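These numbers were taken from a predicted model, which means no experiment stands behind them. Every number for a ligand or one of its atoms is a count from 1 in the order of the listing.
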Amino acid sequence: MGGRFITLEGIEGVGKSTNLDYVARLLGDAGKPVVVTREPGGTPLAERLREALLASDGEVPPMAELLLMFAARSSHLTGLIEPALDRGDWVVCDRFTDATYAYQGGGRSLDQGLIRTLEQAVQAERRPDLTLLLDAAPEATLARRDARGSADRFEREKLAFFSRVRAVYLERARAEPERVRVIDASLPLAAVQEGIRVALDAFLETQ
Ligand code: Z5A
């Protein structure tokens, strides 16, 4: 039996990196073989594309950004995600195509229909089995970001940009409530992790 594909999503600073290992640990405790990865990234080529995409001094037009995200995703799928799922591993990925709808579709206002076309071309039928959407108002997460200091190309965007990103994430959660579980990430970490545990337990029961 193949593995399962679980993604973590949310606007920046919402706690995805903080909670990635927690998700992997819960799955490990449930006896699942786990591979943790991220987007853009996950293969040598996709990591090089990530560097170019995040470089704070680079000019990347929105359409180039969209195409590079899918170029990185194509490498990631063929080089890491699909082989791992075929082996029966559970893949936990920090961001995937929901981020493209949210950032390039919502944040950059690119055509969602074009994103759907690229999604189909690059992924065929592959979609996440479960997505944990860590949700909080950008006002709160940007304060966390500012406390951290350095900023990449995305992190320099303003509040209105992240409000559009969040709105698309929430729209997608409303459209696919079975797949996308919304976790209130404005709460203290222990409460966020309790929300993640409940969502993962419910998913594991159905597998
Ligand atoms: N991107 C895109 O545009 N299109 C795509 O298709 C894809 C990606 C796949 C890189 O992603 C950029 O790529 C991303 C979107 C774009 N840029 N942005 N924005 P990334 O995931 O690597 O970058 P990120 O979202 O900026 O990650 P991040 O800044 O590391 O945020 P995070 O992982 O969600 O948060 P964190 O590092 O776990 O936590 C931030 C701080 O908050 C940290 O100090 C924690 O200790 C603290 N924290 C976490 N949880 C809590 C709670 N509950 N309470 C209080 N403090 C907390």
With heavy-atom distances below 4.0 Å as the criterion, list the atoms of ligand 1 near Arg50.
20 (P), 22 (O)
Please assess Ile11 against Leu142 for the test side chain to side chain contact (heavy atoms under 4.5 Å, CB included), listing each intermediate value before the final yes or no.
CA-CA 9 Å; Ile11 61 173; Leu142 295 188; over 6 Å; no
For Tyr103, the atoms of ligand 1 under 4.0 Å from one of its heavy atoms are 2 (C), 3 (O), 15 (C), 18 (N), 19 (N)
Enumerated ligand 1 atoms positioned under 4.0 Å from heavy atoms of Thr18
36 (P), 38 (O), 39 (O), 45 (C), 49 (C)
Using heavy atoms and a 4.0 Å limit, tell me yes or no: is Leu187 in contact with ligand 1?
yes
Does any N or O atom in Gly13 lie less than 3.5 angstrom from one in ligand 1, N or O only?
yes
Judged by modelled atom types alone, do Thr131 and Arg172 share a side-chain donor-acceptor pair under 3.5 Å?
no
For residues Arg87 and Pro33, determine if any side-chain heavy atom of one lies less than 4.5 Å from a side-chain heavy atom of the other.
no
Got an N/O contact under 3.5 Å between Glu65 and ligand 1?
no
Ligand 1 N/O within reach of Pro40 N/O, cut-off under 3.5 Å
no
So, does Glu39 use its side chain to make a donor-acceptor pair with the main chain of Asp94 at under 3.5 Å?
no
Taking atom 6 (O) of ligand 1 as the point of reference, which of Thr97, Thr100, Leu142, Asp184 owns the nearest heavy atom?
Thr100
Short N or O distance, Asn19 and ligand 1, threshold 3.5 Å exclusive
no
Can you check whether Glu39 has an N/O within less than 3.5 Å of an N/O in ligand 1?
no
When you compare the side chain of Trp90 with that of Gln207, does any pair of heavy atoms fall below 4.5 Å?
yes
Can you list every pair that meets side chain to side chain donor-acceptor pair (under 3.5 Å) and has a residue in residues 184-195, with sequence neighbours left out?
Asn19-Gln193, Asp184-Ser186, Glu194-Arg197
Can you see whether Phe203 has Arg181 sitting over its ring - NZ or CZ less than 6.0 Å from the centre and within 45° of the normal?
no
Under a 4.0 Å N-O cut-off, is there an ion pair linking Glu12 with Arg95?
no
Heavy-atom gap Leu20 to ligand 1 smaller than 4.0 Å
no
Indicate, as side chain, backbone, both or neither, the part of Phe161 found under 4.0 angstrom from ligand 1 when only non-hydrogen atoms are considered.
neither
Near Lys16, which atoms of ligand 1 are under 4.0 Å from a heavy atom of that residue?
21 (O), 25 (O), 27 (O), 31 (O), 32 (P), 33 (O), 34 (O), 35 (O), 38 (O)
Taking only non-hydrogen atoms of Pro188 and a 4.0 Å limit, the atoms of ligand 1 in range are 53 (N)
Are any of the side-chain heavy atoms of Glu47 and Arg38 separated by less than 4.5 Å?
yes
Kindly confirm or rule out an N or O of Met69 lying under 3.5 angstrom from an N or O of ligand 1.
no
Check whether any N or O atom of Gly15, backbone or side chain, sits under 3.5 Å from an N or O atom of ligand 1, and answer yes or no.
yes
Pairs touching residues 3-59 that satisfy ring-ring contact (aromatic ring centres under 6.0 Å, His included), sequence neighbours left out:
Phe5-Phe96
Same apolar cluster (I L V M F W Y, side chains within < 4.5 Å links), Val34/Leu85
no
Can a salt bridge be assigned to the pair Arg127 and Glu119 using a cut-off of 4.0 Å between side-chain N and carboxylate O?
yes
Closest to atom 9 (C) of ligand 1 (judged by heavy-atom distance), picking from Arg73, His76, Gln193, Arg108:
Arg73
Residue-level breakdown please: for Arg38 versus ligand 1, do any non-hydrogen atoms fall below 4.0 Å on the side chain, on the backbone, on both, or on neither?
neither
Are more than 12 heavy atoms, taken from residues, nucleotides or ligands other than Gln120, located less than 6.0 Å from that residue's CD atom?
yes
In ligand 1, the atoms that come under 4.0 Å of a heavy atom of Val192 are 53 (N)
Which of the numbered atoms in ligand 1 are below 4.0 angstrom from a heavy atom of Gln104?
2 (C), 3 (O), 4 (N), 5 (C), 6 (O)
Using a strict 4.0 Å cut-off to heavy atoms of Leu189, name the atoms of ligand 1 that fall inside it.
53 (N)
